[in-house]
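Have a look at the structure below, then the notes.
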Amino acid sequence: MKKLKVVLLSLFAAITLITTIIFVVYVVTFNKGVSDDVPFWDLFLTFYNAIIATSLAIANIWVFYKLTLAIEDKNENRYVKSKLYETQKIFTDLRIEEYKNLKIEINNFIADTLASKDAKTCRTAISSILMRMQNSLLFCHSNNQATSVLDAPIEQIIRNLTENMSEYNYLEISRALRTIELLIFTPLFNEAKTLNFVRNNKDGVDPTILGICNYLDDKFGYSK
């Protein structure tokens, strides 16, 4: 929109300049002053209209060409964003599925320990899921695919999976799971426009989304 405004103002300035030049040239060259004769003014208007019409036609073709390119670029960007969103949603669904399996096994482990049952089977299942998640491309660092963003929360979970669970262990595991949840859903909101919209329309946004956006602001400053 700003570029179009600049183009229109430039076009107006160009027409004004052309008008001034034509008038000066006509007065100085053809008539040596302002004429009272209608034929002279008819000649002037014919000459003026021909040049202005030609200029406007060229300008119209140029503006149409630029708008066509802008529309094509916008459509292409929309297509790319759509494909990225679809891919990102697939990744998110796969991450959620792994997280759900992990949470089920952790709940089973906690239930078994509270009931004084043998929780080795559940612990083995948890370790297997965590290992799979840690080595998956779904949770790798964007700048280093050899490392996982889950290293810290996974270590936190394993460290607190004990047979004699205390309140501290429960809280630590809950914090680790919350971190994993943030890491799963953060990619859906790490675009500046989305974050700015959420910040400016807090009344109509789900509290969980607000929490994720505040997390991004505090940790990375993504929406600043």
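What you see below is based on every heavy atom in this structure, not just the backbone, and it leaves out hydrogens, waters and symmetry mates. For this chain, numbers begin at 1 and follow the sequence in order.
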Side-chain polar contacts of residues 147-157 - donor-acceptor pairs under 3.5 angstrom, sequence neighbours left out - could you list them?
| residue | atom | partner | partner atom | Å |
| --- | --- | --- | --- | --- |
| Thr147 | OG1 | Asn144 | O | 3.1 |
| Ser148 | OG | Phe139 | O | 3.2 |
| Ser148 | OG | Leu150 | N | 3.0 |
| Asp151 | OD1 | Gln134 | NE2 | 2.7 |
| Gln156 | NE2 | Glu172 | O | 3.0 |
| Gln156 | NE2 | Glu172 | OE1 | 3.1 |

State plainly whether one hydrophobic cluster holds both Leu94 and Leu130, where clusters connect Ile, Leu, Val, Met, Phe, Trp and Tyr through side-chain heavy atoms under 4.5 angstrom apart.
yes
Is there a path of hydrophobic side-chain contacts, each under 4.5 Å between heavy atoms of I, L, V, M, F, W or Y residues, that connects Ile158 with Phe109?
yes
Partners of Asp118 by side-chain hydrogen bond (donor to acceptor under 3.5 Å, both in side chains), sequence neighbours excluded?
none
Are Ile96 and Ile129 linked, directly or through intermediate hydrophobic residues, by side-chain heavy-atom contacts shorter than 4.5 Å (ILVMFWY only)?
yes
All side-chain hydrogen bond (donor to acceptor under 3.5 Å, both in side chains) counterparts of Asn169, not counting sequence neighbours
Asn160, Ser166
Examine Leu114 and Ile126 and state if one hydrophobic cluster contains both, with Ile, Leu, Val, Met, Phe, Trp and Tyr joined whenever side-chain heavy atoms are less than 4.5 Å apart.
yes
Nearest 0.5 angstrom please: Thr179 OG1 to Ile184 CD1, how far?
11.0 Å
So does Phe91 have more than 12 non-hydrogen atoms from other groups sitting under 6.0 Å from CZ?
no
How long is the gap from CD1 on Ile90 to CG on Leu138, to the nearest 0.5 Å?
11.0 Å
On a heavy-atom basis, which atom in Tyr170 and which in Ile110 lie closest, and how many Å separate them?
CE2-CG2, 3.6 Å
How about Leu177 and Leu102: do any of their side-chain heavy atoms sit closer than 4.5 Å?
yes
Under the salt bridge (charged side-chain N to carboxylate O under 4.0 Å, His left out) definition, can you give me all pairs with a residue in residues 120-142, not counting sequence neighbours?
Glu98-Arg132
For Glu181, give me all partners under salt bridge (Lys or Arg N to Asp or Glu O under 4.0 Å), at least two apart in sequence or on another chain.
Lys103
Could you list the residues that satisfy side-chain hydrogen bond (donor to acceptor under 3.5 Å, both in side chains) with Asn75, not counting sequence neighbours?
Arg78
Atom CG in Asp93, atom CZ in Arg95: separation rounded to 0.5 Å?
10.0 Å
Are there more than 12 heavy atoms of other residues, nucleotides or ligands under 6.0 Å from atom CD of Glu86?
yes
